[in-house]
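All ligand and atom numbering here is 1-based and tracks the order in the structure.
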Amino acid sequence: MSATIDDVKDKSFDYIICGGGTAGLTLGARLSEDPNTTVLVLEAGAANIGDMAILRPASYGSHFGKSEYSWNHETTKQKSTGDVSHFWQRGKGLGGSSSINFLCWIKPPAKEIDDFERLGNPGWNWKNYEKYIHRTERFTPPSEEVQKTLTMNFDNWSLGTDGPLKIAYPFSIDEGELKVQQTLINAGLSLARRPMNGETAGTYFAPCTYDLTTHTRAYAVTAFYLPNKDRPNFKVLVLAHVNRIVPSTNNDENSEFVAESVEFEHYGHVYTAHAKKEVIVSAGALKTPQILELSGIGNPMVLRKLGIPTKVDLPGVGSNVQEHTLVAVSFELKDDVKFETLDILADPETLRKHLDLHGSGLFTTGIIGFSFATLSQISPKADAIIKAAEDKVMKNANDYPPGLLEQYKILLDRLRNDAGCEFISFPGMCSRPNPPKKGKRYISFYVALNYTFSRGTIHAVSKDPAVNPEMDPHYFEEEVADMLVWIEMVKFARNLRNISPLKEMTTEELNPGPDVQTDEEIAATVYAIAEQAADIIRGKYQP
Ligand SMILES: Cc1cc2nc3c(=O)[nH]c(=O)nc-3n(C[C@H](O)[C@H](O)[C@H](O)COP(=O)(O)OP(=O)(O)OC[C@H]3O[C@@H](n4cnc5c(N)ncnc54)[C@H](O)[C@@H]3O)c2cc1C
């Protein structure tokens, strides 16, 4: 139940969950199924319940830069991207990033989930993943008419139908999407076999976290918080920023760390709540390391700099950071092509009209076109790049921190055999550096790197919990594997304009644009535009 500070301060709970995002609310709902188990969730952001800016489905990017929805983190300046820093948006508020994400319901390859277990984490395998994800899903397939129009076939697919999270295809799907999909198939990326069941290689239309009855976003709040909020044993306190975990008082340097309570800040005052069983830190990948480090859990070298005594020597905290980097390529559509893209919302009157069209119109569309390819499917240079990456890894094998060589071996195997080159079609312009032309419509392809070799860090830089941690992704520092693959992916996406039916639908490439031709020029452009694509959507299509 939504809690007040009096329900929480100095009170004891079986479990305290730090961070009420996707993972935190899911876990809170699950643990509190047992009426004898008390659960407290502490969330730094606001509740934002019923806020149309969150609920309106195709509101991608509209939350970016707004502190009521997003943390607006900024990375350190990146040498490889021209000494600039990059904005990292993450959801702030109940539901976390599930309240601002792009609603796409896609799944990883089974093999990649099994790799967690192969790296020494028993139970972290596809079989378990699928069991629990089916429990989460409530999938409604599209009508037979839509299936026929979009040549969809779900015979092989298996999704859960009784879970709390509503999964569906968005209400409005333009038939232009089918032509885009056909282009990718004609480019050699045939239909994926069972993309919801671990066989993701190829092209497919993905469903969204979308409530078909209300035409609103389905997310951690609608699936896990609202249906359970009246349980007396489930308390959720918002605007509660967790500072640190406090161990039991008899804790000294040599004894085991036992989490006894959680210190948090609420409206400028610091309070504690006590945990009888466990404290779970689920503040997202970017903020979790800070809570651990301020609690004395982490790399002693980092903690020493902060003046915090090491309680648990855990060097992995805040290391091994990998970013799902993306960049977009955009093509201008011919004026006579029928395809209602988000570009038309640039006109204020059209925007107003579509905002009023609740239950239809462009805000009930979604990002549905996905393709996953192997490097050899998209580039004649695949063998040479993989060989160069292997040589580099073997040359430096003795210098890697523990566990990294094992990860790299798996990544090299994936680079050779698996479909890690991701292409996402986007109905509209979402790229840099060239601005859209007035009155024109665009089709874009996000190019996303899934097998990242560069490794970054996120560490607290002050004892003060209000000071943001330092986030350094080390973008493209592993030049061979990351940059060369990236360049080949951009080239593949650019070439889609020469393939039917897109060839007949488009006039010219807007971005990266005709001035960018050589590999060096592509590299220079992607340096400048990496990670900024989504930023473009903001302010152009949104209220
Ligand atoms: C812009 C964007 C688009 C995305 N699009 C998609 C998509 O289309 N499909 C998809 O599958 N995935 C997408 N993702 C990723 C997906 O949303 C995340 O992987 C997922 O939400 C992560 O869940 P989490 O629980 O780990 O973190 P989050 O959901 O981010 O939750 C962390 C929570 O902890 C809170 N918190 C942080 N620090 C503290 C603190 N000190 N004290 C208390 N609370 C704290 C935060 O406010 C937040 O609510 C997207 C992510 C973003 C940012």
Between E137 and K107, does the salt bridge (charged side-chain N to carboxylate O under 4.0 Å, His left out) criterion hold? Intermediate values first, please. CA-CA 12 Å; E137 296 169 325; K107 299 203 185 147; 2.7 Å; yes

Pair H63-Q89, side-chain hydrogen bond (donor to acceptor under 3.5 Å, both in side chains): steps then yes or no: CA-CA 9 Å; H63 321 95; Q89 306 293 336; over 6 Å; no

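There is a side-chain donor-acceptor pair under 3.5 Å between Q78 and D472. Counting only N and O atoms by type, the side chains of Y442 and N511 include no donor and acceptor under 3.5 Å apart. Side-chain atoms of S85 and E74 include a donor-acceptor pair closer than 3.5 Å. D343 and T341 form a side-chain donor-acceptor contact under 3.5 Å, judged by distance and modelled atom types alone. Between the side chains of E323 and H86, not a single donor N or O lies within less than 3.5 Å of an accepting N or O. Between the side chains of E263 and N243, at least one donor-acceptor pair of N or O atoms lies under 3.5 Å. Using a 3.5 Å distance cut-off with no hydrogens or angles, the side chains of T4 and D7 do pair a donor with an acceptor.
Some N or O of F102 is nearer than 3.5 Å to an N or O of ligand 1, by distance alone. Taking only nitrogen or oxygen atoms, main chain and side chain alike, I291 does not reach within less than 3.5 Å of ligand 1. In terms of polar-atom proximity, defined here as any N/O pair under 3.5 Å, G45 makes no such contact with ligand 1. Considering backbone and side-chain atoms together, Q89 places no N or O closer than 3.5 Å to any N or O of ligand 1. Not a single N or O atom of R90, backbone or side chain, sits closer than 3.5 Å to an N or O atom of ligand 1. The N/O atoms of C104, backbone and side chain alike, include one that comes under 3.5 Å of an N/O atom in ligand 1. Residue E43 has at least one N or O atom closer than 3.5 Å to an N or O atom of ligand 1. Residue A44 has at least one nitrogen or oxygen atom sitting less than 3.5 Å from a nitrogen or oxygen atom of ligand 1, judged on distance alone. Some N or O of A23 is nearer than 3.5 Å to an N or O of ligand 1, by distance alone. Considering both main-chain and side-chain atoms, K92 never comes within under 3.5 Å of ligand 1 through any nitrogen or oxygen pair.
Contact annotation for A285 and ligand 1: no heavy atom of the residue comes within less than 4.0 Å of the ligand. Contacts between L103 and ligand 1 below 4.0 angstrom, taking non-hydrogen atoms only, involve the backbone exclusively. Contacts between F64 and ligand 1, counted as non-hydrogen atom pairs separated by less than 4.0 Å, involve the side chain only. Contacts between C18 and ligand 1 below 4.0 angstrom, taking non-hydrogen atoms only, are absent altogether.
Within the 4.0 Å heavy-atom cutoff, S70 does not count among the residues contacting ligand 1. Under the 4.0 angstrom criterion for non-hydrogen atoms, W71 is in contact with ligand 1.
In plain terms, the two heavy atoms of G95 and L25 that are nearest each other are N-CD1, 3.7 Å. Minimum interatomic distance between P427 and E177 (heavy atoms only, all atoms of both residues): CG-OE2, 3.7 Å. Contact detail for D162 and R138: the closest heavy-atom pair is O-NH2, 3.2 Å. Closest approach of I54 to R217, counting heavy atoms only: O-NE, 2.8 Å.
Of the protein's non-hydrogen atoms, the one nearest atom 40 (C) of ligand 1 is V242 N, 3.7 Å. The protein heavy atom nearest to atom 39 (C) of ligand 1 is A283 CB, 3.8 Å. Protein heavy atom in closest approach to atom 20 (C) of ligand 1: T22 OG1, 3.6 Å. Regarding atom 51 (C) of ligand 1, its nearest protein heavy-atom neighbour is N101 CB, 3.9 Å. The protein heavy-atom contact nearest to atom 18 (C) of ligand 1 is S97 CB, 4.2 Å. Looking at atom 31 (O) of ligand 1, its nearest protein heavy atom turns out to be G21 CA, 3.3 Å.
Centroid-to-centroid, the aromatic rings of Y446 and Y60 stay 6.0 Å apart or farther. A ring-centre distance under 6.0 Å is not found for F139 and W105.
The ligand atoms of ligand 1 that sit less than 4.0 angstrom from a heavy atom of S98 are 21 (O). Listed by number with element, the atoms of ligand 1 under 4.0 angstrom from any heavy atom of L42 are 43 (C), 44 (N). Here is the list of ligand 1 atoms found below 4.0 Å of a heavy atom in G91: 46 (C), 47 (O), 48 (C), 49 (O). Annotation for ligand 1: atoms under 4.0 Å from non-hydrogen atoms of A240 are 42 (N), 43 (C). Listed by number with element, the atoms of ligand 1 under 4.0 Å from a non-hydrogen atom of K287 are 37 (C), 38 (N).
In this pair, Y204 and W157 present their aromatic rings perpendicular. The plane angle is above 60°, beyond the 30 to 60° band.
In this structure, K77 places its NZ atom where only 12 or fewer heavy-atom neighbours from other residues, nucleotides or ligands lie under 6.0 Å away.
Distance check for atom 15 (C) of ligand 1: every protein heavy atom is found at 4.0 Å or beyond.
Between G96, C208, G95, G284, it is G284 that holds the heavy atom closest to atom 27 (O) of ligand 1.
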